[in-house]
Novice: 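Questions regarding the structure given below will be posed in turn.
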Amino acid sequence: MNNVILVGYMGCGKTTVGIRLSYRLKIPFLDTDKEIEKDHNCVISDVFATLGEETFRNWETESLVKLCKNNAVYVISTGGGMVLREENRRLLKKLGTVIYLRAKPETIAERLKGDTTRPLLQTENPVQRIQEMLQKRASIYEQAADVILDVDDKSFEEILDEIERKLA
Ligand code: S3P
């Protein structure tokens, strides 16, 4: 079996789906944001504030290069901006099956209400920011994906069943 990689916008459920999927498939779970925090002994929001987004994006690419050298198989949850670099999209495809958890802006806005951990959403009007970012990113997520899965109004069980069917 190949790695199974979850991509999608912040709040689409990558981490929760990823952890549950790893139980079902009996392969370990790995979150690239957490790996970056571990490797660089940092908190992502601080990196954005001090070193800047570009540094974080470089670290994201490094995390994928590192995974490509690792022979183990994982369910991998990625940060919402991982797909933005063409190089990252290429590395993701090399790593395994890329699944895009596609969610509507309203679903995301509802899930991320009051969240303070996402530096890109700390604005006056996060809902507008989500809409603008999704408009720019939607086609990039689609381009990066082998499988597109709509998650709005679905339970985690339904999402996991669908993923298992697509992987079969
Ligand atoms: C980001 C998403 C975040 C994290 C960083 C940037 C993005 O990950 O990598 O704050 O650009 O969409 P999650 O999607 O896990 O929240």
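When a ligand or atom number is given, it counts from 1 through the structure's own listing order. Quick note: numbers below take in every heavy atom, side chains included, and nothing from hydrogens, waters or symmetry partners. The structure presented is a predicted model; accordingly, all values stated were derived computationally and were not measured.
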Novice: How far is atom 7 (C) of ligand 1 from its nearest protein heavy atom, and which residue and atom name does that atom have?
Specialist: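 Scanning the protein heavy atoms, the shortest distance from atom 7 (C) of ligand 1 goes to Gly81 N, 3.3 Å.
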Novice: Look at atom 12 (O) of ligand 1 and say which protein heavy atom is nearest, naming residue and atom and giving the distance to 0.1 Å.
Specialist: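 Its nearest protein heavy-atom neighbour is Arg137 NH1, 2.7 Å.
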Novice: Side chains of Gln131 and Gln135: donor-acceptor distance under 3.5 Å anywhere?
Specialist: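 Their side chains do not contain a donor-acceptor pair, so the 3.5 Å distance test is not met.
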Novice: Which atoms from ligand 1 have a heavy atom of Phe56 less than 4.0 Å away?
Specialist: 9 (O)
Novice: Any side-chain to backbone donor/acceptor pair from Asn2 onto Thr97? Under 3.5 Å, distance only.
Specialist: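 No: the side chain of Asn2 does not pair with the backbone of Thr97.
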Novice: Table please: side-chain donor-acceptor pairs of residues 18-26 below 3.5 Å, with sequence neighbours left out.
Specialist:
residue, atom, partner, partner atom, Å
Ser22, OG, Ile19, O, 3.0
Arg24, NH1, Asp161, OD1, 2.8
Arg24, NH1, Glu164, OE1, 2.8
Arg24, NH2, Glu157, OE1, 2.8
Arg24, NH2, Asp161, OD1, 3.0

Novice: Can you confirm, on distance only, whether ligand 1 has an N/O atom lying under 3.5 Å from any N/O atom belonging to Asp33?
Specialist: yes
Novice: Going by the order shown, which atoms of ligand 1 are within less than 4.0 Å of some heavy atom of Lys14?
Specialist: 13 (P), 14 (O), 15 (O)
Novice: For atom 10 (O) of ligand 1, what's the nearest protein heavy-atom neighbour? Residue, atom name and distance, please.
Specialist: Pro119 CD, 3.6 Å
Novice: Any donor and acceptor pair, going by atom type alone, linking the side chain of Arg102 with main-chain N or O of Leu149 inside 3.5 Å?
Specialist: no
Novice: Within the structure, does Phe48 bring an N/O atom to less than 3.5 angstrom of an N/O atom in ligand 1?
Specialist: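 Between Phe48 and ligand 1, no N or O pair is found under 3.5 Å apart.
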Novice: Any idea which part of Met82 is under 4.0 Å from ligand 1, heavy-atom wise: side chain, backbone, both or neither?
Specialist: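 None of Met82 does.
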Novice: Please report whether the ring centroid of Phe48 lies less than 6.0 Å from that of Phe56.
Specialist: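 Under 6.0 Å, so yes.
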Novice: Taking atom 11 (O) of ligand 1 as the point of reference, which of Arg118, Arg57, Lys34 owns the nearest heavy atom?
Specialist: Arg57
Novice: Using distance alone, decide if ligand 1 has a nitrogen or oxygen within less than 3.5 Å of any nitrogen or oxygen in Gly80.
Specialist: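 Checking ligand 1 against Gly80, an N or O pair does fall under 3.5 Å apart.
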Novice: What atoms of ligand 1 come closer than 4.0 angstrom to any heavy atom of Leu120?
Specialist: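 Ligand 1 atoms under the 4.0 Å threshold to Leu120: 7 (C), 11 (O).
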Novice: Answer yes when Asp39 and Lys66 have at least one side-chain N-carboxylate O distance shorter than 4.0 Å, and no when they do not.
Specialist: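 The answer is yes: the pair qualifies as a salt bridge.
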Novice: Could you grab the distance from atom CG of Leu64 to atom CG of Leu92, nearest 0.5 Å is fine?
Specialist: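 Atom-to-atom, Leu64:CG and Leu92:CG are 5.0 Å apart.
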Novice: For a 4.5 angstrom cut-off between non-hydrogen side-chain atoms, does Arg85 reach Arg90?
Specialist: no
